[in-house]
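Everything below concerns the one structure shown next.
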Amino acid sequence: MILEGVDAVVFVADARPDRQQANKAALDELRTHLDSYDVPLERLGFVVQCTFIDAPDALPVADVVTPLLADRADAAAIPVVGTVPVRGQGVLDTAHQVARQILKLVPPG
């Protein structure tokens, strides 16, 4: 029910190497849930937040996000924000990116 009527989604991916399979599974699950509401992810505002970028073994953000978005023709246009939430790094940027994505969905006029 939480996804019903949603305008945008922030997908939080984990930059640690041992979490890459879990990132993929979580994105697949998100798509499945959205599909159950007949709302493809491609119709929503979408931002990827890559967290734990400060972990000693963190992968580069591009290495985390590229496989997740490989099936998206618009992958280059999807905002990606690296974050360290415990320090507040990237959190406001994520919020700004979500707002921009939602505004793009508002019809002109």
Side-chain angles (χ1 to χ4, degrees):
M1 296 277 291
I2 201 164
L3 294 172
E4 190 172 10
V6 66
D7 294 317
V9 173
V10 175
F11 180 78
V12 180
D14 191 319
R16 295 174 293 185
D18 63 332
R19 301 298 300 161
Q20 299 315 294
Q21 196 62 23
N23 288 340
K24 174 78 170 104
L27 184 57
D28 290 345
E29 184 176 351
L30 173 63
R31 285 186 170 141
T32 298
H33 287 301
L34 287 169
D35 287 346
S36 74
Y37 290 103
D38 209 19
V39 178
L41 184 57
E42 291 73 17
R43 278 198 348 225
L44 298 174
F46 184 56
V47 176
V48 177
Q49 183 184 61
C50 192
T51 193
F52 290 107
I53 62 170
D54 59 331
D57 60 343
L59 296 170
V61 171
D63 291 353
V64 174
V65 175
T66 300
L68 293 173
L69 303 179
D71 63 338
R72 299 271 309 242
D74 64 343
I78 295 171
V80 175
V81 181
T83 65
V84 183
V86 297
R87 292 197 310 243
Q89 180 182 336
V91 176
L92 278 178
D93 192 28
T94 300
H96 289 139
Q97 291 296 337
V98 169
R100 286 187 188 117
Q101 293 297 305
I102 292 171
L103 289 173
K104 287 180 184 178
L105 300 172
V106 176

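V47 and L44 end up in different hydrophobic clusters when Ile, Leu, Val, Met, Phe, Trp and Tyr side chains are linked at under 4.5 Å. In terms of hydrophobic clustering, with Ile, Leu, Val, Met, Phe, Trp and Tyr side chains grouped at heavy-atom distances under 4.5 Å, L69 and V9 are assigned to a common cluster. Both L41 and V39 are part of a single hydrophobic cluster, where members link through side-chain heavy atoms under 4.5 Å apart. V6 and Y37 fall within the same hydrophobic cluster, defined by Ile, Leu, Val, Met, Phe, Trp and Tyr side-chain heavy atoms under 4.5 Å apart, directly or through other members. Note on F11: it clusters hydrophobically with V61, by side-chain heavy-atom contacts below 4.5 Å among ILVMFWY residues.
To the nearest 0.5 Å, the span separating OG1 on T94 from CD on Q89 amounts to 10.5 Å. The structure places OG1 of T83 at 8.5 Å from CG of D54, a figure rounded to the nearest 0.5 Å. Distance check, rounded to the nearest 0.5 Å: CG of D7 to NZ of K104 gives 15.0 Å. Between I78 atom CD1 and Q101 atom CD the span is 8.0 Å, to the nearest 0.5 Å. Once rounded to the nearest 0.5 Å, the distance linking CG of L30 with CZ of F46 reads 7.0 Å. Atoms CG and CG, from L59 and D14 in turn, are 9.5 Å apart once rounded to the nearest 0.5 Å.
Heavy atoms only, all atoms of each residue included: A8 and I102 are closest at CB-CG1, 3.6 Å. When every heavy atom of D35 is checked against every heavy atom of P40, the shortest pair comes out as OD1-CA, 4.0 Å. Listed here is the closest heavy atom pair of Q20 and A15: NE2-C, 3.8 Å. For F52 against R16, the heavy-atom pair with the smallest separation is CE1-NH2, 3.4 Å. Summarising the geometry of L68 relative to A13, their closest heavy-atom pair is CD1-CB, 3.9 Å, with the distance given to 0.1 Å. When all heavy atoms of V81 and G90 are compared, the pair lying nearest together is CG1-O, 3.5 Å.
Applying the side chain to side chain donor-acceptor pair (under 3.5 Å) rule to R43 yields no partners; only residues at least two apart in sequence or on another chain are considered. With sequence neighbours left out, D74 forms a side chain to side chain donor-acceptor pair (under 3.5 Å) with R72.
Around CG of D18, the count of heavy atoms belonging to other residues, nucleotides or ligands within 6.0 Å exceeds 12.
With salt bridges taken as basic N to acidic carboxylate O contacts below 4.0 Å, one links D28 and K24.
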